[in-house]
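Worksheet for the structure shown next.
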Amino acid sequence: MADARRTARALLDRQGRTYAEEAGIRLADRPGPLYQLLVLTTLLSTRIRASVAVAAARELFAAGYRTPQAMEASGWQERVDALGRGHYRRYDERTATMLGAGARLCLDRWHGDLRRLHREAGGNPPALRRLLTEFPGIGPTGADIFLREAQQVWPDVRPYADRRTLAGAKRLGLPANPDGLAGLVGGGDFGRFASALVRVALGEESAGEVNRTAVAR
């Protein structure tokens with residue numbers, strides 16, 4: 001267990017940022033940041049590199065589309081242009097349409113406040129996943145992405161470890177189950193830890209380098 005904890009700490013030291021943080025989202029249990037996470041999730045849900053999705057999210061936010069009201073009020077071409085500036089070009093037109101429709105659903109169903117979605121689901125992950133997949137472009141994998149990041153501010157969801165998180169854990173020789181992983185880091189670090197494990201699964205971080213760093217401690 002001590003070796004596993006050293007590995008977990010080495011990974012956090014090397015890859016301590018969530019994807020939300022990388023996209024410039026100051027995640028909090030408030031309407032604005034939660035909506036921004038929904039936007040990032042929509043972008044990450046397509047077959048495109050995570051770094052491109054993050055860059056596109058930053059461009060959308062820089063253009064002022066940080067709330068569902070602002071996203072819906074923007075023009076479709078304006079959204080396409082912002083995605084293009086982030087080099088999100090393969091799916092830009094379809095995604096621009098989905099972002100507009102998702103903003104409208106967020107306003108109509110949740111009054112622009114995804115804390116209402118959280119309350120309706122009672123913090124229950126399967127119920128949350130079902131509600132999240134009602135948004136255009138967000139399927140089961142997208143719902144996992146959202147909840148993996150949102151557990152930073154929704155502690156009742158923790159420990160949330162999706163398929164990619166567990167694949168990263170397996171590469172590092174760590175427990176391939178949520179409770180086992182939760183025993184390696186503090187509760188407040190688990191969201192960051194889960195995102196770092198995804199980076200290992202996606203090849204953004206080298207499992208060998210993490211293990212060598214852990215051994216050198």
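In this text the structure is predicted, and so the values were computed from the model without any measurement.
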Under-4.0 Å salt bridge between [X] and [Y]:
{"X": "R26", "Y": "E21", "answer": "no"}
{"X": "D144", "Y": "R129", "answer": "yes"}
{"X": "R158", "Y": "D189", "answer": "no"}
{"X": "R115", "Y": "E120", "answer": "no"}

Is there a chain of hydrophobic side chains (I, L, V, M, F, W, Y, each step under 4.5 Å between heavy atoms) that links [X] to [Y]?
{"X": "L202", "Y": "L147", "value": "yes"}
{"X": "I48", "Y": "V80", "value": "no"}
{"X": "M98", "Y": "F61", "value": "no"}
{"X": "L11", "Y": "L166", "value": "yes"}
{"X": "L60", "Y": "I145", "value": "yes"}

Distance-only donor-acceptor check, side chains [X] and [Y], under 3.5 Å:
{"X": "D156", "Y": "H118", "answer": "yes"}
{"X": "D92", "Y": "T95", "answer": "no"}
{"X": "S195", "Y": "E149", "answer": "yes"}

Next on the checklist: If you apply the rule side-chain contact (heavy atoms from CB on, under 4.5 Å), what do you find for T141 with R163, and how did you get there?
Outcome noted: CA-CA 9 Å; T141 297; R163 175 177 54 85; 4.2 Å; yes
Flag side-chain contact, heavy atom, 4.5 Å: [X] against [Y]:
{"X": "L43", "Y": "L83", "result": "yes"}
{"X": "Q151", "Y": "F190", "result": "yes"}
{"X": "L40", "Y": "I25", "result": "yes"}
{"X": "P68", "Y": "W110", "result": "no"}
{"X": "R66", "Y": "V39", "result": "no"}
{"X": "F146", "Y": "I138", "result": "no"}
{"X": "R116", "Y": "D113", "result": "yes"}
{"X": "V54", "Y": "Y88", "result": "no"}

Indicate yes or no for a side-chain donor-acceptor contact from [X] to the backbone of [Y] under 3.5 Å, with no hydrogens or angles considered.
{"X": "R79", "Y": "T97", "value": "no"}
{"X": "E59", "Y": "A56", "value": "no"}
{"X": "T46", "Y": "T42", "value": "no"}
{"X": "R171", "Y": "V200", "value": "yes"}
{"X": "R89", "Y": "G84", "value": "yes"}

Next on the checklist: A quick test of your reading: do over 12 heavy atoms of other residues, nucleotides or ligands sit less than 6.0 Å from CZ of R90?
Outcome noted: no
Checklist entry - Taking only residues two or more places apart in sequence, or in another chain, which ones meet D108 in a salt bridge (charged side-chain N to carboxylate O under 4.0 Å, His left out)? => result R104
Item to check | Under the salt bridge (charged side-chain N to carboxylate O under 4.0 Å, His left out) test, residues paired with R164 that sit two or more places apart | outcome: none
Heavy-atom pair with the smallest gap, counting every atom of [X] and [Y]:
{"X": "T133", "Y": "A143", "answer": "CG2-CB, 4.1 Å"}
{"X": "L105", "Y": "P136", "answer": "CD2-CD, 4.4 Å"}
{"X": "G142", "Y": "S45", "answer": "CA-OG, 3.3 Å"}
{"X": "L181", "Y": "A161", "answer": "CD1-CB, 4.4 Å"}
{"X": "A194", "Y": "Y160", "answer": "CB-O, 4.1 Å"}

To the nearest 0.5 Å, how far apart are [atom1] in [X] and [atom2] in [Y]?
{"X": "Q15", "Y": "E209", "atom1": "CD", "atom2": "CD", "answer": "11.5 Å"}
{"X": "H111", "Y": "C106", "atom1": "NE2", "atom2": "SG", "answer": "10.5 Å"}
{"X": "R6", "Y": "D13", "atom1": "CZ", "atom2": "CG", "answer": "13.5 Å"}
{"X": "Q36", "Y": "L27", "atom1": "CD", "atom2": "CG", "answer": "9.0 Å"}
{"X": "R17", "Y": "R192", "atom1": "CZ", "atom2": "CZ", "answer": "11.0 Å"}
{"X": "R148", "Y": "D162", "atom1": "CZ", "atom2": "CG", "answer": "4.5 Å"}

Checklist entry - Is the NZ or CZ atom of R199 positioned over Y19's six-membered ring, under 6.0 angstrom from the centre and within 45° of the axis? => result yes
Next on the checklist: If the test is side-chain contact (heavy atoms from CB on, under 4.5 Å), which one of L131, L37, L34 qualifies with L114?
Outcome noted: L34
Item to check | Trace of the side-chain contact (heavy atoms from CB on, under 4.5 Å) decision for L174 with L197 | outcome: CA-CA 10 Å; L174 298 177; L197 288 169; 4.2 Å; yes
Item to check | Verdict with supporting geometry, W154 and L128, side-chain contact (heavy atoms from CB on, under 4.5 Å) | outcome: CA-CA 11 Å; W154 288 350; L128 285 164; 4.2 Å; yes
Next on the checklist: Could you go through R109 and E134, starting from their C-alpha distance and side-chain angles, then the distance that decides it, and tell me whether this counts as salt bridge (charged side-chain N to carboxylate O under 4.0 Å, His left out)?
Outcome noted: CA-CA 11 Å; R109 180 82 183 271; E134 294 180 10; 2.6 Å; yes
